[in-house]
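Every chain is numbered from 1 and lettered A, B, ... according to where its sequence line falls, protein lines coming before strand lines. The model shown is predicted, which means the values in this text are computed figures rather than measured ones.
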Protein chains: 2
Amino acid sequence: MNASLLAALKHRLPDLKLSTEPGDREHFGRDWTRRWTPEPLAIAWPGSVEEVRALVRWAAESGVAIVPSGGRTGLSGGAVAAAGELVVSFDRMKQVIAFNPVDRTLTVQPGITLQAVQDAAREHGLIYPVDFAARGSCQIGGNIATNAGGIRVIRYGNTRQWVAGLKVVTGTGELLDLNRALVKNASGYDLRHLMIGSEGTLGLIVEATLLLTDPPPDSNVMVFAVPAMDALMQVFATCRAQLTVSAFEFFTDRALHHVTRHGAQRPFESDSPFYVITEFDAGSQAQQDAALAVFERCLENGWVTDGVISQSEAQARALWRLREGITESLAPHRPYKNDISVRISAVPAFLHDMQELLAREYPHFDCVWFGHIGDGNLHINVLRPEGMPDAQFISECERVTKLLCEVLEKHGGSISAEHGIGLVKKPYLDTVRSAADIALMRGIRGVLDPAGVFNPGKLFDSTPPA
Amino acid sequence: MNASLLAALKHRLPDLKLSTEPGDREHFGRDWTRRWTPEPLAIAWPGSVEEVRALVRWAAESGVAIVPSGGRTGLSGGAVAAAGELVVSFDRMKQVIAFNPVDRTLTVQPGITLQAVQDAAREHGLIYPVDFAARGSCQIGGNIATNAGGIRVIRYGNTRQWVAGLKVVTGTGELLDLNRALVKNASGYDLRHLMIGSEGTLGLIVEATLLLTDPPPDSNVMVFAVPAMDALMQVFATCRAQLTVSAFEFFTDRALHHVTRHGAQRPFESDSPFYVITEFDAGSQAQQDAALAVFERCLENGWVTDGVISQSEAQARALWRLREGITESLAPHRPYKNDISVRISAVPAFLHDMQELLAREYPHFDCVWFGHIGDGNLHINVLRPEGMPDAQFISECERVTKLLCEVLEKHGGSISAEHGIGLVKKPYLDTVRSAADIALMRGIRGVLDPAGVFNPGKLFDSTPPA
């Protein structure tokens, strides 16, 4: 069956780069989740938009599912191919197509890495401001398909804000040219925004025109030791009121423990239950003075017990490592991840309930939490106790996640802040979207992808449960 | 037929405020276009979300169409009710529901005016930055349904950027609670963005949570006399590079002619073919010096021949009147309007072709153009020659609009920048959206509004042309 399908594909598209090598199938069949056994039909590397279109038409006719594949740095299984799907990798479509200095846009193919986009912007004296630790591996197509967030959302918003135009291949192989980088275009439904964050279920992104912006002034980085959870939001409010903040992140003592064991340097001699790292404009003496004043104010009020301000770029990078190195330092433990959000104003009450829940339900597990508190976004990493079998560990974490969903519902939050739903969060989608909402999404998916080619089983099932 | 329908509605919703008075039917049956004869079935003023839901369910069951009605300041006929529709006015739903100082959000009912939103924000030391001349009459529900733009898009973006959450009633009477003001929420398709700009064809907006922001520093206003079209973009580039610009608008000598006859004061003694008005941060001496330097640079290069910088708030307001008063000054002439956009980088070449077209095709018509050149958005107002019958005038303008569409297509532009498609631009939708695009929009509309209740005939026909 597989052999005849592939023979038909090769016959239809003799020039398509294709592989069924076990190594490729394993590598391209999974993302950073490690829960599913990769089992794709094959991997295809189209080299052009027309090849993508032909591939999709063939898949729709042949009843073969497609899993779009970027850098596969996702954490929700959105790029997993474990059921005989054809993985469509964009590794061969990674060029910068155009830079426009007047529109301040960069037009790129989907397979370019975030890092390469940032570098190309800087070459022209501008920045692409979306940023996060996976920048070297993740691809812009995946960033757009998941509306990637990261560490500078507080200042620059999510990926959505920076997409001026998209070319997309639908489930019938049609090519859509969405918005064409117009600043103003009130000509019907903005399907560009429907595509952003759709996790590869509505179409394949084959080109993107990204907005760039001016680089910010020079920045400094401060790290604070925060003695109590309630003080976190006081520190945040003080920073936001006095400084131009580009990032405001926090992490716990457990996170510091892991990241310093992984090579990062301790910021302070004494311990503290919480830490904050903030980056802010410091191009002028007045801005630098304001930062010192913030530190003093927080110290006087007992909201922080210690602090450090970067004196050089090297020190700023070292301080950032405390936050950016956390995920990598935890990876060997294969943690179970929650990526949750509430409104900023709901953070204190939510943190209180959440902390109580974690202490009660995970008494013997190492729970590491950190995140983008200025966006109301927390990452919880539950570490697998040594010797506990996978299935038992995940089932235990899923039990607690159901309880966490109740806490989230109480505080108006979301079970996925920036990682997407994919496979991992699918069981909880109905805690954040109503039945009517999900039914509409299903209907829309049927319009864009009538044959159900794209990422079946991800986000939600195309046919409702009986 | 009408009588029995209305009797059934009254029976179903005895407390609903309803009118069939001729004055109400005329007033609520039209927007600022004056091309259609109002002929609604009746006007309903629901007072609550539940009443809206009940109304929609009744309409869907009874086969009655609904035209949602805000301030009816639209220019594309989106709020016209000329075919026995039930107009649903939100005039009774205009309260501020909540202000949240931490989230910096304002939650409002849809019938509140833009001006009232701006005032409520200012009461809390913040601003709602979307702004345009109809602020006193237009309603936020309509602003969102059309993704309203206006004079500060260059700095703050369109309405889309400022909508953190929406409650929407679908065509089956379901209530959707979209995004709930989360900064990060990667949980499936963002239907909020699908609703924004959908012109009342996908759902009724019954509540919105708007983002607010810090007020900008003190600003000044400059008006320049610009001797040639090519110089416009040079002036723009210079201002954008040296100043923090909140607005960059232009208008022609014909626009100045009309607005000064309407009471605005001439900025300069001598005439000029083009004028620019720009607003920029001027809170510091350095910023004020930069403005002077921009003026001198433009003067030296011959890009401007005269200029004035506001010395007081009163003078700034007087200068703004030159631009903001144009639409009103033209209204008695009942102009035919084009509202078009291209990418900013395409403006010079487009302007060249457009000017040629207008000179060739409208040799005897008074063509007044002006607009948001910093967003690539131009408004063309063609004035009705005295004595020319309506039908002949419109048919002549529609002939030229078809030619204008060809020029727009050549330069990658849009036939509607910010006014929407409604009825007026419907014949030209296929010049900016592909057949595949329109088919998808039609499919999506069928999912959200299966009975075809909302604004039938607007934007596009629900059933494709045979």
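From B:Leu191, atom CG reaches atom CE of A:Met441 across 6.5 Å, with rounding to the nearest 0.5 Å. To the nearest 0.5 Å, atom CG of residue B:Leu440 and atom CG of residue A:Leu202 are 10.0 Å apart.
At a 4.5 Å heavy-atom cutoff, the contact between A:Arg433 and chain B is made by side-chain atoms alone. For B:Leu176, the part lying under 4.5 angstrom from a heavy atom of chain A is the side chain only. Contacts of A:Leu459 with chain B are made by side-chain atoms alone, with heavy-atom separations under 4.5 Å and no backbone atom involved. Only the side chain of A:Val153 has a heavy atom closer than 4.5 Å to any heavy atom of chain B. For A:Leu448, the parts lying under 4.5 angstrom from a heavy atom of chain B are both the backbone and the side chain. In this structure, no portion of A:Thr105 lies under 4.5 Å from any heavy atom of chain B. Both the backbone and the side chain of A:Asp375 have a heavy atom closer than 4.5 Å to some heavy atom of chain B. Of the atoms belonging to B:Asn100, it is side-chain heavy atoms, and not backbone ones, that fall under 4.5 Å from chain A. Using a 4.5 Å cut-off between heavy atoms, A:Glu418 touches chain B through backbone and side chain atoms alike. Only the side chain of A:Leu178 comes within contact range of chain B, with at least one heavy atom under 4.5 Å from a heavy atom of that chain. With a 4.5 Å cut-off on non-hydrogen atoms, B:Thr172 does not touch chain A at all.
Taking A:Asn147, A:Leu194, A:Asp437 one by one and counting their heavy-atom pairs under 4.5 Å with chain B, the maximum is reached by A:Asp437. Between chain A and the options B:Met195, B:Arg180, B:Glu174, the largest number of non-hydrogen pairs under 4.5 Å is found for B:Arg180. Ranked by heavy-atom pairs under 4.5 Å with chain B, the first of A:Gly446, A:Ser416, A:Ser414 is A:Ser416. Chain B forms the most heavy-atom pairs under 4.5 Å with one residue out of A:Asp103, A:Val102, A:Val447, and that residue is A:Asp103. Between chain B and the options A:Gly149, A:Gly197, A:Gly376, A:Gly413, the largest number of non-hydrogen pairs under 4.5 Å is found for A:Gly413. Interface remark: of the candidates A:Arg192, A:His419, A:Arg160, A:Arg160 forms the most heavy-atom pairs closer than 4.5 Å to chain B. Listed options B:Asp190, B:Asp177, B:Asp214, B:Leu429 were ranked by heavy-atom pairs under 4.5 angstrom with chain A; first place goes to B:Asp190. Looking only at heavy-atom pairs under 4.5 Å with chain A, the residue among B:Gly422, B:Ser76, B:Gly374, B:Gly150 that has the most is B:Gly150. The candidate with the highest count of non-hydrogen atom pairs below 4.5 Å against chain B, out of A:Ala417, A:Ser198, A:Gly443, A:Ala181, is A:Ala417. Across B:Ser434, B:Ala436, B:Gly188, the residue that shares the most heavy-atom pairs under 4.5 angstrom with chain A is B:Gly188.
Below 30°, between 30° and 60°, or above 60°: for A:His193 and B:His193 the angle between ring planes is below 30°, a parallel geometry.
Between the side chains of A:Ser187 and B:Tyr428, no donor N or O sits under 3.5 Å from an acceptor N or O.
Side chain of B:Asn158 to backbone of A:Val183: a donor-acceptor contact under 3.5 angstrom is found.
For B:Asp339 and A:Lys184, the salt-bridge test fails: no basic side-chain N is under 4.0 Å from an acidic carboxylate O.
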Stepwise side-chain contact (heavy atoms from CB on, under 4.5 Å) test for A:Leu182 and B:Asn377 = CA-CA 9 Å; A:Leu182 295 167; B:Asn377 176 195; over 6 Å; no
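Looking at every heavy atom in both residues, A:Thr146 comes nearest to B:Ala186 through O-CB, 4.4 Å.
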